[in-house]
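These notes are about the structure you will find just below.
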Amino acid sequence: MTKSKSISSADSSKEALDALERFVVDNDDLLALESRIGRFNIFDALGISDYEIRHSNFLAFILDPAESHGQGDLFLNAFLMDLLKSSDPALRPFSPIELDGADLRGVEVKREWKNVDLLITCKEPRFAIVVENKVWSREHSNQLQRYAKVVKDNYPAVPQLCVYLTPDGDEPSETHWIPYSYEQIHRALSRVRNAHQDAIGDQVLVFLDHYLSLLGMRFMNDESLDELCRRIYKNHRQALNLIWERVDSPNSAVLAEVASVLADETDLEVYSESGSVSFIPRRWLEGPVPIANEESWPVSVNTWVNNCRLRFAVLVGVLPDGLDRKSIVELLRHECATLGFKRTQSNRVEGTWLRITRAESFLEWGEDDEPETEAVRSRTKKMLNKVHPRLDELGDVIRRLFAEQTFSAE
């Protein structure tokens with residue numbers, strides 16, 4: 001993708017206006033998108049959808065067996081089971097097998113206890129779950145280290161599991177904390193909601209559905225929504241690039257510069273969409289065993305802005321039919337670490353898009369600042385110089401893994 005040129009002549013102005021008109025008139029895809037994002041949601045209506053404290057309050061309510069939702073430990077069990085399955089076995093206070101069928105007794109759910117966002121303790125079996133919740137902010141002042149210590153000091157000899165909860169499952173600074181995402185919360189609560197919807201009260205069900213809808217729209221990938229956005233962008237690229245250039249929000253301006261730097265590299269394929277810019281080497285599209293095509297990139301490098309930071313990570317998307325996605329993801333995580341990418345601590349293998357490397361920042365700025373254009377461009381070039389040689393090797397690894405699985409299937 002290249003940046004749109006400024007519109008100066010009467011002909012180019014008319015062309016731009018025509019593009020905008022086509023975008024807003026008789027655009028069924030746009031109407032469908034507006035319908036999805038315009039639905040009433042109680043959390044949006046109350047203006048609390050982006051506040052960490054409100055998300056923590058909801059989770060405390062839904063996970064507390066003594067709360068008025070009347071479902072006992074139904075939601076807590078689902079949450080704990082998913083946490084345990086997603087965790088490194090060495091960090092688990094007990095196994096999923098031990099939890100299955102266990103009768104949780106003496107559960108307490110505390111909010112803002114000694115500055116800990118969420119603390120879940122249980123007397124039988126004994127455990128303490130420490131949750132640090134970051135929606136749009138980030139950890140600071142050795143928070144994770146301090147919170148783990150205060151829980152250990154107050155609950156000595158109680159096995160604990162420390163959870164770093166973020167929208168994207170960001171990697172925590174402390175290795176004994178596990179990353180956990182809102183997509184995983186959505187999955188766990190959706191599973192129990194669908195399995196027990198007839199037993200859950202109507203009011204609680206509505207409340208839960210609104211929360212799940214909020215998570216789906218704000219914090220996680222939705223394959224059908226992604227496809228709708230891709231179709232709109234493909235059919236109305238000129239109008240959207242014009243809007244992007246003219247509105248010029250801080251994040252979009254930063255990503256436009258990233259896209260411009262990447263587009264100057266003749267050996268890269270670049271794809272820009274709202275909120276991120278992705279790229280792959282062009283040679284991945286070529287050769288006897290192409291590992292991507294113009295419509296599908298099973299593996300790519302994604303860049304985005306989060307909390308005043310430009311970040312990148314290698315992602316796995318939809319893989320070719322017949323491949324074992326779980327084994328491919330696990331193998332690529334291992335291989336990427338050997339190639340010099342930072343190793344992710346996540347064990348997740350579900351989801352449309354999965355990080356197979358840790359998210360790395362290549363530019364940071366203050367909340368009240370805007371990054372200089374030259375800083376964005378120079379840091380993007382520096383990131384690319386570091387990543388580019390690894391991608392050539394990664395392409396060979398991907399081809400080998402794809403070929404091995406295809407051969408095995410035959």
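Bear in mind the structure is a predicted one, so any value in this text is a computation, not a measurement.
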Q. What pair of heavy atoms forms the shortest contact from Asp267 to His388, and how long is it?
A. OD2-NE2, 3.0 Å

Q) Can any side-chain N or O of Arg343 pair as donor or acceptor with the backbone N or O of Ile356 at less than 3.5 Å? A) no

Q. Can you tell me how far the CD1 atom of Ile178 sits from the CD atom of Glu171, to the nearest 0.5 Å?
A. 11.0 Å

Q. Any donor and acceptor pair, going by atom type alone, linking the side chain of Asn293 with main-chain N or O of Ser296 inside 3.5 Å?
A. yes

Q. Between Asp64 and His69, which heavy-atom pair has the shortest distance, and what is it?
A. O-NE2, 2.9 Å

Q. Quick one: do Glu269 and Arg282 make a salt bridge, cutoff under 4.0 Å?
A. yes

Q | Interatomic spacing from CG in Leu285 to CD1 in Ile280 - rounded to 0.5 Å | A | 4.5 Å

Q | Phe127/Phe94 aromatic ring centres below 6.0 Å | A | yes

Q: Using modelled atom types only, decide if a donor and an acceptor are shared between the side chain of Arg390 and the backbone of Gly340 within a distance under 3.5 Å.
A: yes

Q) Does a side-chain N-to-carboxylate-O contact under 4.0 Å join Lys381 and Glu265? A) no

Q: Carefully, step by step, assess Leu339 and Leu394 under the rule side-chain contact (heavy atoms from CB on, under 4.5 Å).
A: CA-CA 8 Å; Leu339 293 176; Leu394 181 58; 3.9 Å; yes

Q) Quick one: does Tyr271's side chain get under 4.5 Å of Phe279's, heavy atoms only? A) no

**Q.** Point-to-point distance, once rounded to the nearest 0.5 Å, from CG of Leu384 to NZ of Lys382
**A.** 13.5 Å

(Q) Just verifying a value: how many Å separate Thr303 OG1 and Leu262 CG, rounded to the nearest 0.5 Å? (A) 6.5 Å

Q: Taking the six-membered ring for Trp and the single ring otherwise, decide whether the centroids of Trp304 and Phe362 are under 6.0 Å apart.
A: no

Q.
Strictly below 4.0 Å, N to O, side chains only: are Lys386 and Glu360 in salt-bridge contact?
A. yes

Q) Where is the tightest heavy-atom contact between Asp82 and Ser86, given as atom of each residue plus distance? A) O-OG, 2.8 Å

Q) Arg92 and side-chain contact (heavy atoms from CB on, under 4.5 Å): which partner among Leu83, Leu161, Leu84? A) Leu84

Q) When rounded to the nearest 0.5 angstrom, what is the spacing between OG in Ser190 and NE2 in His186? A) 4.0 Å

Q) NZ of Lys149: more than 12 outside heavy atoms within 6.0 angstrom? A) no

Q.
Using every non-hydrogen atom in the two residues, find where Phe75 and Leu63 come nearest and quote the distance to one decimal.
A. O-CD2, 3.8 Å

Q | Nearest-0.5 Å distance that lies between atom CZ in Phe58 and atom NE2 in His210 | A | 11.0 Å

Q) Counting only N and O atoms by type, is there a donor-acceptor contact under 3.5 Å from the side chain of Gln184 to the main-chain atoms of Ser181? A) yes

Q: Please report the C-alpha distance between Ile328 and Phe402 in whole Å, then the side-chain angles of each, then the deciding distance to 0.1 Å, and finally whether the side-chain contact (heavy atoms from CB on, under 4.5 Å) criterion is met.
A: CA-CA 8 Å; Ile328 289 287; Phe402 284 11; 4.1 Å; yes

Q: Start with the C-alpha gap between Ser327 and Glu330, add the side-chain angles, then the distance that decides, and say whether side-chain hydrogen bond (donor to acceptor under 3.5 Å, both in side chains) holds.
A: CA-CA 5 Å; Ser327 67; Glu330 291 174 345; over 6 Å; no

Q: Write down the atom of Ala359, the atom of Ala313, and the distance for their closest heavy-atom approach.
A: CA-CB, 4.0 Å

Q. If you look at every heavy atom in Leu144 and Tyr164, which pair is closest and at what distance?
A. CD2-CD1, 4.0 Å

Q: Would you check if there is a donor-acceptor pair between the side chains of Ser56 and Asp117 at a distance under 3.5 Å?
A: no

Q: May I ask you to check whether Thr380 and Glu257 show a side-chain donor-acceptor distance below 3.5 Å?
A: no

Q: Establish, from distance only, whether the side-chain atoms of Asn133 and Tyr182 form a donor-acceptor pair under 3.5 Å.
A: yes

Q: Would you mind reporting whether Leu208 and Arg193 have side-chain heavy atoms less than 4.5 Å apart?
A: yes

Q: Taking atom types as modelled, find out whether Lys134 and Gln143 have a side-chain donor-acceptor pair closer than 3.5 angstrom.
A: yes

Q: Output yes when Arg358 and Asp170 qualify as a salt bridge under the 4.0 Å nitrogen-oxygen rule, no when they do not.
A: no

Q | More than 12 heavy atoms from other groups under 6.0 Å of CD on Glu98 | A | yes

(Q) Take a 6.0 Å sphere around CG of Asp153 and say whether it holds more than 12 heavy atoms from other residues, nucleotides or ligands. (A) yes

Q | Other residues, nucleotides, ligands: >12 heavy atoms within 6.0 Å of Glu372 CD | A | no

Q.
Could you tell me if the side chain of Val316 sits less than 4.5 Å from the side chain of Trp353, heavy atoms only?
A. no

Q.
Show, in sequence, the C-alpha distance, side-chain angles and deciding distance for Val150 and Trp113, and conclude whether the side-chain contact (heavy atoms from CB on, under 4.5 Å) test is met.
A. CA-CA 10 Å; Val150 75; Trp113 174 84; 4.3 Å; yes

Q) Between Glu67 and Ile62, does a side-chain contact (heavy atoms from CB on, under 4.5 Å) hold up when you go through it step by step? A) CA-CA 7 Å; Glu67 270 292 358; Ile62 206 72; over 6 Å; no

Q. Would you call Glu183 and Arg187 a salt bridge, taking side-chain N to carboxylate O under 4.0 Å as the test?
A. no

